[in-house]
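Report on the following structure.
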Amino acid sequence: TLYGEMITIFESQQQEHMRNSSLITEKVTSIADSRLKQQQELVDQRQSEMEALRQNLFSIQEQIDELERDKGEISQELRQVESEREAIQEELASAEVIILMSRFDDSASFEGHSYQGSEDELDD
């Protein structure tokens, strides 16, 4: 009968529609899973890169701290060297004054005009 054929066709179309819906759902799910997996891989990669950058930053900060300590030690040594240099300059200036005074005394003593002592006094 026509009614029976229509029901058969309708049921056949309904089964085909169900199969198509199921295939579409599987494909959409597969695509979504694939994209989710790609996104998770990107997130994992970015987190790994961030951790590497954090480690680099920590290492750089340690190097900066070490350089700051070295700078402090060098500054202290430089102040000590500068202090020693000033002390040496003072000693040198003092020695120059003594040498100049000695030369002045020697030239005044050996001109002979103003000196009237004995030869023994010259040895002093």
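- With contacts defined as side-chain heavy-atom distances shorter than 4.5 Å, the pair Glu96/Ile99 does not qualify.
- With rounding to the nearest 0.5 Å, the separation of CE in Met50 from CG in Leu57 is 10.0 Å.
- No side-chain N or O of Gln76 forms a donor-acceptor pair with one of Gln80 less than 3.5 Å apart.
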### Message
As a quick check of understanding, evaluate salt bridge (charged side-chain N to carboxylate O under 4.0 Å, His left out) for Arg79 and Glu82, giving each step before the final call.
### Response
CA-CA 5 Å; Arg79 285 190 296 272; Glu82 182 64 25; over 6 Å; no

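- Ionic pairing of Glu51 and Arg54 is present here: one or more N-O contacts between side-chain nitrogen and carboxylate oxygen are shorter than 4.0 angstrom.
- Ser21 contributes a side-chain N or O that, together with a main-chain N or O of His17, makes up a donor-acceptor pair within less than 3.5 Å.
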Pairs of donor and acceptor atoms involving the side chains of residues 66-74, under 3.5 Å and at least two apart or interchain, shall be tabulated with distances.
none

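- Counting only residues at least two apart or in different chains, salt bridge (Lys or Arg N to Asp or Glu O under 4.0 Å) contacts with residues 3-18 comprise Glu16-Arg19.
- From Glu86, atom CD reaches atom CD of Glu91 across 12.5 Å, with rounding to the nearest 0.5 Å.
- Atom CD of Gln63 and atom CG of Asn56 lie 9.5 Å apart (nearest 0.5 Å).
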Under 3.5 Å, which donor-acceptor pairs do the side chains of residues 27-44 form with other protein atoms, sequence neighbours left out?
{"unit_1": "Thr29", "atom_1": "OG1", "unit_2": "Thr25", "atom_2": "O", "d": "2.7"}
{"unit_1": "Gln40", "atom_1": "NE2", "unit_2": "Asp44", "atom_2": "OD1", "d": "2.9"}

